[in-house]
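Note on naming: letters A, B, ... go to the chains in the order of the sequence lines (proteins, then strands), and numbering restarts at 1 for each one.
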2 protein chains.
Amino acid sequence: MPEVQHLDPVDWRILTILQDDASITNKALADEVGLSTSSCHERVRRLRSAGVITGIKAVVDPAAIGRGLHAFIAIRLRPHRRDLVDAFTAAVLTLPETLALYNVSGPEDFFLHVAVADSADLQRIIMEQLATRPEVGHAQTHLIFDRPLAAPVRPRRSIS
Amino acid sequence: MPEVQHLDPVDWRILTILQDDASITNKALADEVGLSTSSCHERVRRLRSAGVITGIKAVVDPAAIGRGLHAFIAIRLRPHRRDLVDAFTAAVLTLPETLALYNVSGPEDFFLHVAVADSADLQRIIMEQLATRPEVGHAQTHLIFDRPLAAPVRPRRSIS
DNA sequence: ATCTTCACCGGATATCATCCGGAACATGCC
DNA sequence: GGCATGTTCCGGATGATATCCGGTGAAGAT
């Protein structure tokens, strides 16, 4: 299903624009890339049905709702039994502070990305939600100081 | 500027819906939350101007364009001079494979999230783009096996 | 009790997304 | 070359939509 698509320069410009701001009108987007509204609309429709664009989503700033402190928590599980892993995953995903959970290789098993109000809140999560779980062997916290620019998916070379 | 906003249950329902699919029409959204189109429109406008919703963005699937392999690369810099850090940051952000770069505390200085075609491509990035940089002291790769569900920003309790 | 504020509503209007037929172009085949 | 085929584009038509505005009622303050 995730067939690799061939994208021409116009497709890339459309993707670049929509990754930055998808609330742009089709008309404005068409002007931007130099197409008629109908052609542009068809391009976008194709990118969606081809699975290149998987969705249009609103981005919410955690800081605006009192969760300005971000952290990665690198987690090592003790026994690797499937049911324990699933239970851990399900529990972590229900936490409102969870932004993303990555199952990774290496000495750590999971990277958990959280957004919390303050360090006390972070400590609470770790103590009450993670350290108490028997399957959690070790958890190391990395505060996120900065995230220098979100990088959209972009072409290998310059956009024509 | 990131003043903490007070959100009522209707605001949360709007945020939950828009974080999942912002291409919904205002009319459909209004029906969903039980408001008139004008009231709903005003709510969304406020959430935007208050900085809760920071943008509407198209989500592009890296796998659909031939970058199905994801990894975190935990990077330690050698000297911590500001200009070296900035140079490193700038260089990494220009890589098309870069999805996000996090400046973190702890033994590692950066977490670099990349999407590449295959393991050879990943090795190429590490060897040619990272290991060759003099300021990079150490880089440890964590392949991302899975990312069990992207979690939107959501309220602390249930949504009314 | 009166005033003020606020969220909501319904209607009006300009704008927009979406569909369709046909033109222009490239490509491959005879 | 001549022709068939497929693709991409365009402009117009139309139905739906975003967006604005004045009015209304409820809640809280004075």
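C:dT18 atom P lies 16 Å from atom CZ of A:Arg46, rounded to whole Å. Atoms NZ (B:Lys27) and P (D:dT19) sit 16 Å apart, rounded to a whole Å. Atoms CD (B:Glu42) and C1' (D:dA18) sit 14 Å apart, rounded to a whole Å. In this structure, the CG atom of B:Leu35 is 9 Å from the C1' atom of C:dA7, given to the nearest Å. Look at CG on B:Asn26: it is 13 Å from C1' on D:dC20, rounded to the nearest Å. Going from atom CG of A:Asp11 over to atom C1' of D:dT8 covers 12 Å, rounded to whole Å. In this structure, CG of A:Leu29 is placed 13 Å from P of D:dC9, rounded to the nearest angstrom. To the nearest angstrom, C1' of D:dT8 lies 16 Å from NE2 of A:His41.
Residue A:Thr25 is classed as a sugar-phosphate contact, given heavy-atom separations below 4.0 Å to backbone atoms only. Across all strands shown, B:Arg45 has no heavy atoms under 4.0 Å from either base or sugar-phosphate atoms. Within 4.0 Å of B:Ser39, counting heavy atoms only, lies at least one base atom of the nucleic acid.
Atom CZ of residue A:Arg45 and atom CZ of residue A:Arg48 lie 8.5 Å apart, to the nearest 0.5 angstrom.
Heavy-atom nearest nucleotides on DNA chain D were determined for A:Thr37 and for A:Arg43, and the one closer to the 5' end corresponds to A:Arg43.
In this structure, the side chain of B:Arg133 does not engage the main chain of B:Glu128 through any donor-acceptor pair within 3.5 Å. For A:Thr54 (side chain) and B:Asp61 (main-chain N/O), no donor-acceptor pair under 3.5 Å exists by modelled atom type.
The ring of B:Phe88 has its center closer than 6.0 angstrom to the ring center of B:Phe110.
For B:Ser38 and C:dG10, a side-chain-to-base donor-acceptor distance below 3.5 Å is present, hydrogens and geometry of angles not being considered.
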